[in-house]
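Down below is the structure, laid out as structure tokens.
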Amino acid sequence: MSTKTEKKTTEKKTTTEKPAAKAATKPAATPEVKAPTKPEAKKPAKPKAERDRFGSRPTTESGQINAAMTTKPQTIEAIASATKLSTSRVRNHMKWLMDREHVTKTEEGYKVAK
């Protein structure tokens with residue numbers, strides 16, 4: 001009996017081999033051709049956001065700080081209290097403005113460069 005069992009398992013192993021990959025017999029799909037339609041109307045351009053003299057939007061924190069700036073020197077604390085923002089936020093924005101030469105630092109504080 002063991003010989004029959006061995007033959008059957010051997011036969012099963014040989015018959016369960018994976019079939020060879022079939023070559024693609026389907027024709028290549030052709031893209032669908034759409035019927036000509038009316039040209040689409042262009043969407044209206046979005047209005048550009050309003051910007052202040054330093055390039056920030058007035059409704060942002062940067063815009064609030066810019067609005068508080070004057071030609072009279074002000075301390076970071078004075079600007080922070082006027083804008084109700086943290087001194088850290090004002091200080092970082094002053095550095096950004098100084099890098100772009102919009103603001104100068106004096107002994108009395110920061111002022112708008114002319």
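Keep in mind that the numbers below use all heavy atoms, side chains included, and drop hydrogens, waters and symmetry copies.
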Determine the minimum heavy-atom distance between [X] and [Y], stating which atoms define it.
X   : Y    : value
P73 : G109 : CB-N, 4.0 Å
I79 : M94  : CD1-CE, 4.2 Å
W96 : F54  : CH2-O, 4.2 Å
R57 : A49  : NE-CB, 3.4 Å

Take atom CD of E108 as the centre, draw a 6.0 Å sphere, and report whether it contains more than 12 heavy atoms from other residues, nucleotides or ligands.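 Yes, because the 6.0 Å sphere around CD of E108 holds more than 12 heavy atoms from other groups.
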
For the atom pair CD1 (I76) and OH (Y110), what is the distance rounded to the nearest 0.5 Å?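 With rounding to 0.5 Å, CD1 (I76) is 4.0 Å from OH (Y110).
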
Atom CZ of R100 and atom NZ of K95: how far apart are they, to the nearest 0.5 Å?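 Answer for the CZ-NZ pair, R100 versus K95, is 13.0 Å.
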
Under a 4.5 Å cut-off applied to non-hydrogen side-chain atoms, are H102 and V112 in contact?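 No, too far: nothing below the 4.5 Å cut-off.
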
I'd like a table of donor-acceptor pairs (distance under 3.5 Å, sequence neighbours excluded) in which one partner is a side-chain atom from residues 62-70, with atom names and distances.
| unit_1 | atom_1 | unit_2 | atom_2 | d |
| --- | --- | --- | --- | --- |
| S62 | OG | R89 | NH2 | 2.8 |
| N66 | OD1 | H93 | NE2 | 2.6 |
| N66 | ND2 | D52 | OD2 | 2.8 |
| N66 | ND2 | S56 | OG | 3.3 |
| N66 | ND2 | S62 | O | 3.3 |
| T70 | OG1 | K72 | N | 3.3 |
| T70 | OG1 | K72 | O | 3.0 |
| T70 | OG1 | Q74 | NE2 | 3.1 |

